[in-house]
Enquirer: 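Let me begin by handing over the structure; questions about it come next.
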Amino acid sequence: MTGGAAEPNRLLRAARERTPSTTSPGEGLSRQELADVVNAWLAAHRDRAVALDANYVGKLERGLIRWPQVDYRSALRDILGVSMDADLGFRRPRRPTPAVAGMATVDDVDRQEFLRVALGVGAAAVAGHPLARLALALDPTPVPAAVGAGEIAEIRTAARLFATWDHTYGGGLVREAVAAQLRYSAALLETRCAPGLRPELFSAVGQLGHVTGFMAFDAAAHADAERMFRFALACAEEATDWHLRAKVLSSMARQAIWVGDPDTGLTLTELALVRADRLTATERAMLLAARARALAKLHRVQDTLTSVGLADEAFTDTDPSLDPPWMGYHDHAQHAGDTGHALFDLAVDGRFVAEANSRLATAVDGHTDAYARSRGISGVKLASLTMVTGDPHQAVVIADHAAVDLGMVRSRRAAQDMDELHQLAARHDDLDDVADLRRRLPVLVAGAQPA
């Protein structure tokens with residue numbers, strides 16, 4: 001989806017209306033009829049039990065979902081008699097370039113050079129060399145006597161650049177660089193700043209603090225992540241930035257759930273939702289999905305389903321033009337992945353398997369290369385679920401695709417998910433391809449670990 005109101009999918013609606021109804025001669029298929037036929041097609045051709053309804057078809061026709069998962073597209077093409085996705089108005093979501101997204105382009109700074117310097121390319125090759133000692137002896141960048149709009153824009157640019165890197169390659173490689181940038185930016189809070197700009201300064205530093213904290217979380221440096229998240233939250237509170245506050249609390253909740261404390265995770269999501277009226281629909285969907293994850297870990301099945309439903313309802317009203325820039329990642333694929341992860345914990349116990357499978361598959365199919373980590377993590381979860389509840393041979397295929405996505409990622413979260421898959425696959429170790437996957441997974445896990 002793009003900013004502003006969603007563009008109606010007139011091609012899909014026209015194709016539906018020209019396809020004869022199965023119950024009303026002379027009329028076209030109703031939305032519910034189309035949903036029923038798709039469900040039947042998926043059961044017959046993909047051996048999948050799903051429950052699409054008129055509401056889902058309505059989302060497709062209103063343009064709220066522009067790229068349904070691959071099986072749904074196959075069914076719709078066959079049923080509606082077209083050969084290409086484009087004939088039904090479906091198009092793969094495209095991420096805007098930084099300039100289109102409203103992100104500062106930094107004309108006077110070469111982006112690649114910025115990342116090359118920030119990453120310290122070649123540092124390992126010169127370790128112990130006299131040149132390395134010279135580099136380490138460099139004086140820190142002096143903090144200016146006063147902060148203006150230019151410095152604030154530079155902080156936000158740094159936060160966005162590092163966040164982009166994190167989404168694609170994980171938090172393991174650049175954590176030191178972004179932490180150094182955060183230390184410098186935090187020092188700016190002590191300098192002179194016009195009263196009208198001070199909230200913006202705190203918000204910008206808090207945004208960078210959140211990026212730094214999430215990288216630490218991704219690298220399983222949980223004590224560092226907690227400190228940085230709390231710093232970012234304090235900045236958001238100082239700036240009275242409700243949107244940043246919601247994002248930080250969401251990440252804090254995800255970390256708490258990850259380390260085995262879903263009760264705290266639930267508390268943090270509830271805290272973020274206290275003034276949900278101040279948040280965008282996308283932010284509410286994000287928080288409700290995190291809430292569902294916590295509830296699933298607490299084995300509160302009905303509450304989990306309710307929270308997933310509320311998240312879906314909120315996401316139906318999403319309008320990216322109203323969201324802060326850092327919410328640009330939260331598209332249909334991300335929403336499907338977040339809610340699919342929540343349902344995963346129910347599905348491995350045999351509940352709502354088809355729905356969890358469908359959502360995780362939608363996430364894998366919808367994430368672009370810029371979000372390789374998210375696509376890979378959802379792929380590993382889908383492989384684990386398929387290994388437990390479905391065809392283990394298909395699980396191997398899914399896992400191999402996920403391994404490609406995670407090949408350039410350094411993320412301990414991803415590594416731990418692959419380790420979980422290794423354990424779940426043990427039940428099918430008598431199958432040659434599964435046994436081969438289990439032999440290869442430890443190497444993949446080691447590759448995903450930050451050095």
Side-chain angles (χ1 to χ4, degrees), residues 171 210 213-230 232-233 245-276 279 282-315 330 334-353 355-357 359-360 363 373-374 377-378 380-382 384-385 388-389 411-421 423-424:
H210 173 265
F214 201 90
M215 283 184 168
F217 168 33
D218 193 52
H222 293 297
D224 286 350
E226 184 176 352
R227 284 193 297 271
M228 292 169 185
F229 282 149
R230 289 190 179 279
L233 183 60
R245 176 180 179 273
K247 182 58 187 166
V248 175
L249 285 169
S250 172
S251 295
M252 292 174 73
R254 291 180 65 175
Q255 183 194 16
I257 296 165
W258 185 269
V259 300
D261 187 6
D263 192 64
T264 294
L266 180 59
T267 299
L268 290 166
T269 59
E270 297 287 3
L271 180 61
L273 287 163
V274 165
R275 287 301 307 271
L279 305 178
T282 312
E283 290 167 327
R284 293 195 299 274
M286 169 189 71
L287 291 167
L288 287 163
R291 182 175 182 271
R293 284 197 187 195
L295 290 165
K297 293 291 186 184
L298 293 168
H299 308 290
R300 292 167 55 177
V301 176
Q302 188 54 53
D303 289 337
T304 300
L305 297 178
T306 299
S307 196
V308 168
L310 291 171
D312 287 346
E313 184 178 344
F315 193 76
H330 201 99
Q334 182 67 36
H335 176 75
D338 282 350
T339 51
H341 276 68
L343 293 173
F344 174 89
D345 288 301
L346 307 183
V348 292
D349 291 332
R351 298 185 179 103
F352 312 102
V353 174
E355 186 63 24
N357 187 296
R359 289 175 186 254
L360 290 171
R373 180 182 59 192
S374 294
I377 287 177
S378 287
V380 173
K381 280 291 186 184
L382 180 59
S384 293
L385 180 60
V388 173
T389 65
S411 164
R412 281 203 170 94
R413 287 191 302 138
Q416 290 174 22
D417 278 341
M418 285 191 283
D419 188 59
E420 178 186 45
L421 173 59
Q423 296 174 41
L424 293 173

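FYI, side chains are in, hydrogens and waters are out, and symmetry mates aren't considered; it's all heavy atoms of this structure. Count residues from 1 along the sequence.
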Enquirer: Verify the distance criterion only: is there a donor paired with an acceptor across the side chains of H299 and D345 at less than 3.5 Å?
Expert: no
Enquirer: Applying side chain to side chain contact (heavy atoms under 4.5 Å, CB included), run through D224 and M215 and close with a yes or a no.
Expert: CA-CA 10 Å; D224 286 350; M215 283 184 168; over 6 Å; no
Enquirer: What's the verdict on side chain to side chain contact (heavy atoms under 4.5 Å, CB included) for F344 and V348, showing C-alpha distance, side-chain angles and the deciding distance?
Expert: CA-CA 6 Å; F344 174 89; V348 292; 3.5 Å; yes
Enquirer: Nearest 0.5 Å, what's the CG-CZ distance between D417 and R412?
Expert: 14.5 Å
Enquirer: Determine, stepwise, if the pair M252 / L249 fulfils side chain to side chain contact (heavy atoms under 4.5 Å, CB included).
Expert: CA-CA 5 Å; M252 292 174 73; L249 285 169; 4.2 Å; yes
Enquirer: For A225 versus G213, what's the shortest heavy-atom pair and its separation?
Expert: CB-O, 3.4 Å
Enquirer: Does some side-chain heavy atom of R413 sit less than 4.5 Å from a side-chain heavy atom of R373?
Expert: yes
Enquirer: Grab the two heavy atoms, one from I257 and one from G265, that are nearest each other, plus how far apart they are.
Expert: CG1-CA, 4.1 Å
Enquirer: Could you measure the distance from the CZ atom of R284 to the CG atom of L279? Nearest 0.5 Å is fine.
Expert: 7.0 Å
Enquirer: With a cut-off of 6.0 Å (strictly less than), are more than 12 heavy atoms of other residues, nucleotides or ligands near CD of E420?
Expert: yes
Enquirer: When you measure from the side chain of T269 to the backbone of L266, do you find a donor-acceptor pair of N or O atoms at a distance under 3.5 Å?
Expert: yes
Enquirer: Answer yes or no: is there a donor N or O on one side and an acceptor on the other, between the side chain of S307 and the main chain of L288, under 3.5 Å?
Expert: yes
Enquirer: Find the distance between OG1 (T267) and CZ (R291) and round it off to the nearest 0.5 Å.
Expert: 11.0 Å
Enquirer: List the steps, then state whether side chain to side chain contact (heavy atoms under 4.5 Å, CB included) holds for H335 with T282.
Expert: CA-CA 9 Å; H335 176 75; T282 312; over 6 Å; no
Enquirer: With rounding to the nearest 0.5 angstrom, report the NZ to CG distance, K297 to L346.
Expert: 10.0 Å
Enquirer: Classify the angle between the aromatic ring planes of F217 and H222 as parallel (below 30°), tilted (30 to 60°) or perpendicular (above 60°).
Expert: tilted
Enquirer: Tell me the closest heavy-atom pair linking A296 and A342, and the distance in Å.
Expert: CB-O, 3.3 Å
Enquirer: State the CD-CG distance between Q416 and L421, to the nearest 0.5 angstrom.
Expert: 14.0 Å
Enquirer: Once rounded to the nearest 0.5 Å, what's the spacing between atom OG of S250 and atom NE2 of H210?
Expert: 7.0 Å
Enquirer: Between E283 and K247, is there a side-chain N and carboxylate O pair less than 4.0 Å apart?
Expert: no
Enquirer: Minimum heavy-atom separation for A246 to L287, with atom names?
Expert: O-CD2, 3.7 Å
Enquirer: Between T339 and R359, does a side chain to side chain donor-acceptor pair (under 3.5 Å) hold up when you go through it step by step?
Expert: CA-CA 7 Å; T339 51; R359 289 175 186 254; 3.0 Å; yes
Enquirer: Closest approach of F352 and A347, non-hydrogen atoms and distance?
Expert: O-CB, 4.2 Å
Enquirer: Minimum heavy-atom separation for A363 and S378, please, with both atom names.
Expert: CB-OG, 3.8 Å
